[in-house]
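Data block below; observations after.
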Amino acid sequence: MATRSKAKALVRAENKDRRPKAIAKYIRISPSKVHVVLDLIRGKNYKDAVAILKTTQKAACEPVLKCLNSAAANAEVNLGMNKDALYVAECFADQGPTLKRMQPVSRGRGYRILKRTSHITVILDEKE
């Protein structure tokens with residue numbers, strides 16, 4: 001049986017990150033391709049990041065833009081922050097589960113194809 005569970009819950013609630021965030025899970029693009037796009041917007045303010053993502057021609061821009069807009073909506077609706085004062089504090093892509101497929105090749109063999117997925121996290125913060 002867990003001891004001091006109420007006290008532990010209070011400590012966890014105090015240390016919880018209060019910044020708005022959004023997580024896009026199981027996106028069917030490899031994390032290495034997403035990292036390239038995330039490096040472009042890290043540290044930029046919200047409006048600049050949206051402009052960069054709309055003009056960059058990479059496949060990862062669409063899910064990252066969707067996640068960024070979701071984090072901004074979370075900030076505005078849930079925390080009452082102003083969108084103009086937001087900037088991208090942290091953004092990263094973790095590897096999700098890999099889909100394993102087989103590609104038939106000559107002589108009855110099969111080569112394995114790894115279709116990688118990623119979990120994209122965008123954390124915003126307010127400029128002071």
Side-chain angles (χ1 to χ4, degrees):
M1 193 74 184
T3 58
R4 303 183 315 116
S5 58
K6 286 186 180 181
K8 289 178 182 178
L10 289 173
V11 169
R12 225 178 288 120
E14 287 174 6
N15 295 336
K16 186 179 175 189
D17 196 5
R18 301 274 185 228
R19 298 180 296 181
K21 71 176 181 176
I23 303 172
K25 290 189 169 189
Y26 306 107
I27 304 299
R28 251 298 288 129
I29 189 165
S30 87
S32 58
K33 293 177 183 178
V34 178
H35 284 300
V36 173
V37 174
L38 292 177
D39 289 340
L40 294 173
I41 65 166
R42 189 173 290 118
K44 304 277 194 295
N45 66 27
Y46 171 71
K47 294 211 180 215
D48 290 345
V50 169
I52 289 169
L53 290 173
K54 283 187 178 178
T55 56
T56 305
Q57 292 190 343
K58 291 275 190 189
C61 285
E62 185 181 342
V64 170
L65 179 63
K66 195 171 182 181
C67 192
L68 179 67
N69 287 333
S70 177
N74 288 340
E76 197 172 35
V77 174
N78 297 340
L79 301 173
M81 295 179 172
N82 186 8
K83 274 189 181 179
D84 297 332
L86 294 175
Y87 75 99
V88 181
E90 291 180 47
C91 56
F92 50 90
D94 299 324
Q95 186 165 345
T98 302
L99 305 173
K100 289 151 181 102
R101 300 292 181 258
M102 295 301 287
Q103 171 75 39
V105 290
S106 63
R107 300 174 127 191
R109 294 188 182 119
Y111 284 168
R112 180 173 270 189
I113 297 175
L114 300 177
K115 298 188 175 217
R116 303 191 185 277
T117 62
S118 57
H119 303 314
I120 303 168
T121 304
V122 176
I123 301 173
L124 302 177
D125 203 0
E126 211 167 21
K127 289 210 178 192
E128 297 173 8

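Reckoned from all heavy atoms, side chains included, excluding hydrogens, waters and symmetry mates.
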Open item on the list: How close do Q95 and H119 get, counting heavy atoms only, and between which atoms?
Closed with: O-CD2, 4.1 Å
Task: Atom of L53, atom of C61 and distance for their closest heavy-atom approach - done: O-CB, 3.6 Å
- [ ] Give, for atom CG of L86 and atom CD of E76, the distance between the pair rounded to the nearest 0.5 Å.
- [x] 8.5 Å
Task: Closest non-hydrogen atom pair between A49 and L68, with its separation - done: CB-CD2, 3.8 Å
Open item on the list: For the NZ atom on K83, are there more than 12 heavy atoms of other groups (residues, nucleotides or ligands in this structure) within a distance under 6.0 Å?
Closed with: yes
Task: Nearest-0.5 Å distance that lies between atom CE in M102 and atom OH in Y111 - done: 10.5 Å
Open item on the list: Minimum heavy-atom separation for L79 and R18, please, with both atom names.
Closed with: CD1-O, 3.4 Å
- [ ] Would you mind reporting whether D84 and K47 have side-chain heavy atoms less than 4.5 Å apart?
- [x] yes
Open item on the list: Between L99 and R28, does the side-chain contact (heavy atoms from CB on, under 4.5 Å) criterion hold? Intermediate values first, please.
Closed with: CA-CA 9 Å; L99 305 173; R28 251 298 288 129; 3.9 Å; yes
Task: Between NZ on residue K58 and CD1 on residue I29, distance to nearest 0.5 Å - done: 9.0 Å
Task: salt bridge (charged side-chain N to carboxylate O under 4.0 Å, His left out) contacts touching residues 88-117 (sequence neighbours left out) - done: R19-E90
Task: CZ-OG1 distance between F92 and T121, expressed to the nearest 0.5 angstrom - done: 4.0 Å
- [ ] State, yes or no, whether a side-chain contact exists between Y46 and I41 at a heavy-atom distance under 4.5 Å.
- [x] no
TODO: Quick one: pull up OG in S118 and NZ in K25 and give me the separation to the nearest 0.5 Å.
DONE: 12.5 Å
Task: Linked, directly or transitively: V50 and V37 (ILVMFWY side chains, under 4.5 Å) - done: yes
Task: Same apolar cluster (I L V M F W Y, side chains within < 4.5 Å links), L65/I52 - done: yes
Open item on the list: Using 0.5 Å steps for rounding, measure from the OG atom of S70 to the CD1 atom of I23.
Closed with: 10.0 Å
Task: Common cluster, L124/M81, ILVMFWY with side-chain heavy-atom separation under 4.5 Å - done: yes
TODO: Specify the closest pair of heavy atoms between G110 and V105, including all atoms of both residues, with the distance to one decimal.
DONE: N-CG2, 4.1 Å
Open item on the list: Testing the basics here: between V122 and C67, what is the closest heavy-atom pair and its distance to 0.1 Å?
Closed with: CG2-SG, 3.8 Å
Task: Joint hydrophobic cluster, L40 plus I123, side-chain heavy atoms closer than 4.5 Å - done: no
